[in-house]
Every structure is written in C-alpha cells, then in structure tokens.
Amino acid sequence: MDRMKSLIAIAILLPIAALLHIQLAGATRLSPEAKSETVLKPDDVGPKLFPDKVFFRGQVATAQLRNAGGIHFSDDLYTLAALVDNSGYSTEIRQKYQGYLLSEVALEIQGHTLPAGAYGVGFLNGGKFVVMDLGAHDLIQVDASRDAEIKRPVPLQVTGTSTAAKYRLYFGRDFVELNRAQ
C-alpha cells in the first residue's frame with residue numbers, strides 16, 4: 001500500500017517538477033540581464049504586433065503601420081504607437097486623435113502614470129500632448145517639447161535618449177518623454 005502511495009505521489013509530482021523547470025528556464029532566457037530593451041522602427045512593427053485597424057470612439061480606423069514605432073522591453077512586453085487615418089471622425093476628435101498607443105506595461109509620461117492599455121493620442125496646437133481613453137475622454141494632457149535639431153523629422157517615431165530606459169515619442173518635431181512606470 002505504501003509503495004502504491006509513493007508511485008501516485010511520483011506520478012503527480014513529476015509533471016509539476018517538469019513544468020517548474022520549463023518556467024524557470026524561460027524566466028532565465030527572458031531575464032533583463034539576458035536581453036536588453038529595443039527601440040522598434042516601422043519595419044519591426046507589423047500586423048503580427050499591431051492591428052491594421054483599431055477601435056476608438058465608436059469607429060474603426062486604419063493604422064498607418066509605415067508610421068509606427070515602439071519599445072520591446074527586456075521582459076518581452078511591448079509599448080507600440082502608430083498614426084491612424086482619422087478622416088471618418090468629427091473635426092473635434094480629429095484635432096486630438098492622430099495616433100493609437102498600445103502598451104502592455106504602465107508608462108510614465110512626463111510625471112503622469114498611464115496604466116497598460118489602448119489609447120488614442122495626439123499633439124494639440126499650442127504644444128500639448130493628449131492621451132485619451134477609447135471613448136475619447138482626456139486622461140492626460142502634458143506640455144510637449146519641440147526638437148528643432150532633428151535632422152529628418154518623420155510623422156511618428158520612437159527614439160531612445162541619453163538616459164537609460166527613457167524614450168521619446170515624436171510626431172514630426174514635437175515629442176514627449178516616457179518610460180516604464182516603476
């Protein structure tokens with residue numbers, strides 16, 4: 001009888017031990033020391049990472065993946081942004097909604113924390129950057145900066161900065177700094 005209990009215990013514990021080994025091996029493979037954060041260019045952001053159509057304020061808009069960028073974090077999570085075709089929206093929404101932001105991590109945008117999620121974003125006249133929920137309600141509005149020195153402004157790009165783990169989200173020459181929230 002004791003031998004039967006031992007065999008049953010082994011039969012139960014062996015698969016659990018194998019799963020733990022696989023998970024630990026995967027955690028080692030994806031540890032921050034093993035993989036660094038990467039800035040993603042439009043060619044890196046495709047339909048496998050970013051949908052070609054996105055939902056915002058009761059409509060579906062086409063994402064412009066040629067104008068996309070993002071960050072691939074060391075733990076295999078992403079923050080991605082792309083411009084959208086906002087032509088079907090009212091003038092009031094079009095003025096604010098120029099891009100779509102997808103993030104699997106909480107972000108800090110110039111001192112404001114933004115939870116992981118999907119958001120409409122845009123740069124307003126007067127040097128402001130706005131983040132909206134999917135219902136077009138403003139969540140964050142911060143001052144944007146202007147980079148007169150950028151050699152080749154493009155409609156949207158993400159770049160690194162001289163400070164580790166800080167990034168810039170550019171719309172042309174206008175930008176905001178962001179990083180992963182702690």
Side-chain angles (χ1 to χ4, degrees), residues 19-56 61-84 97-123 128-134 137-147 150-182:
L19 283 174
L20 285 173
H21 174 72
I22 290 168
Q23 286 180 341
L24 289 173
T28 302
R29 236 187 347 262
L30 297 175
S31 70
E33 298 80 34
K35 188 175 178 185
S36 64
E37 294 180 358
T38 306
V39 172
L40 303 173
K41 304 294 182 203
D43 290 343
D44 303 321
V45 180
K48 286 182 98 174
L49 288 178
F50 203 99
D52 60 346
K53 294 185 186 294
V54 294
F55 178 82
F56 183 79
T62 303
Q64 299 175 12
L65 296 183
R66 69 186 178 281
N67 294 310
I71 307 157
H72 185 197
F73 294 99
S74 60
D75 56 359
D76 210 28
L77 297 174
Y78 291 88
T79 291
L80 304 168
L83 293 183
V84 295
Y97 175 51
Q98 297 132 18
Y100 207 73
L101 178 69
L102 296 172
S103 186
E104 295 182 303
V105 301
L107 297 173
E108 184 179 314
I109 301 174
Q110 295 186 197
H112 296 271
T113 301
L114 184 69
Y119 303 96
V121 295
F123 283 84
K128 298 283 186 187
F129 175 74
V130 64
V131 178
M132 299 165 285
D133 66 16
L134 295 183
H137 305 104
D138 290 7
L139 299 174
I140 296 174
Q141 196 171 112
V142 297
D143 290 330
S145 298
R146 187 149 185 90
D147 187 348
I150 193 167
K151 294 190 188 315
R152 292 188 190 161
V154 296
L156 182 142
Q157 68 178 323
V158 176
T159 67
T161 68
S162 59
T163 305
K166 278 205 175 270
Y167 303 91
R168 286 184 175 178
L169 172 61
Y170 279 91
F171 280 47
R173 291 186 184 281
D174 296 328
F175 71 90
V176 291
E177 289 196 350
L178 57 94
N179 57 278
R180 188 172 183 167
Q182 298 305 321

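- The two residues Lys41 and Val158 have their closest heavy-atom pair at NZ-O, 3.8 Å.
- Residue Tyr78 holds its OH atom at 8.5 Å from OG1 of Thr38, rounded to the nearest 0.5 Å.
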### Message
Checking His112 against Val131 for the side-chain contact (heavy atoms from CB on, under 4.5 Å) test, could you report, in this order, the C-alpha distance in whole Å, the side-chain angles of both residues, the deciding distance, and whether it holds?
### Response
CA-CA 11 Å; His112 296 271; Val131 178; over 6 Å; no

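- Just one of Thr79, Ile71, Val45 meets the side chain to side chain contact (heavy atoms under 4.5 Å, CB included) condition when paired with Leu40; it is Val45.
- Here the straight-line distance linking atom CG of Asp44 with atom CG of Leu65 works out to 12.0 Å at 0.5 Å rounding.
- To the nearest 0.5 Å, atom CG of residue Leu134 and atom CG of residue Leu139 are 9.5 Å apart.
- Contact check for His72 versus Leu49: no side-chain heavy atoms found under the 4.5 Å cut-off.
- The closest side-chain heavy-atom distance from Leu102 to Val54 is not below 4.5 Å.
- Contact record, Val39 with Gly160: CG2-N, 3.9 Å, taken as the closest heavy-atom pair.
- Taking CG of Leu101 as the reference point, atom CE of Met132 lies at 11.0 Å (rounded to 0.5 Å).
- Between Phe171 and Val176, the closest side-chain pair of non-hydrogen atoms is not below 4.5 Å.
- A salt bridge is absent between Lys128 and Asp138: the closest approach of a Lys/Arg side-chain nitrogen to an acidic carboxylate oxygen does not fall below 4.0 angstrom.
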### Steps toward side-chain contact (heavy atoms from CB on, under 4.5 Å) verdict (Leu156, Gln64)
CA-CA 10 Å; Leu156 182 142; Gln64 299 175 12; over 6 Å; no

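- By the 4.5 Å heavy-atom criterion applied to side chains, Phe73 and Glu104 are not counted as neighbours.
- In this structure, Leu178 CG and Leu114 CG are separated by 9.5 Å, a value rounded to the nearest 0.5 Å.
- Between Ala63 and Phe50, the closest heavy-atom pair is CB-CE2, 3.7 Å.
- Note: Phe175 and Tyr170 have tilted aromatic rings, judged against thresholds of 30 and 60 degrees for the angle between ring planes.
- A donor-acceptor contact shorter than 3.5 Å links the side chain of Arg173 to the backbone of Ile150.
- Of all heavy-atom pairs spanning Ala68 and Ala82, the tightest one is CB-CB, 3.8 Å.
- Taken from CG in Asp174 to CZ in Arg146, the straight-line distance is 4.5 Å, to the nearest 0.5 Å.
- Tyr100 places no side-chain N or O within donor-acceptor distance of the main-chain N or O of Lys53, the cut-off being under 3.5 Å.
- By the 30° and 60° cut-offs, the orientation of the rings of Phe129 relative to Phe123 is tilted.
- In this structure, the side chains of Asn179 and Thr163 stay at 4.5 Å or more apart for every pair of heavy atoms.
- Side chain of Gln110 to backbone of Glu177: a donor-acceptor contact under 3.5 angstrom is found.
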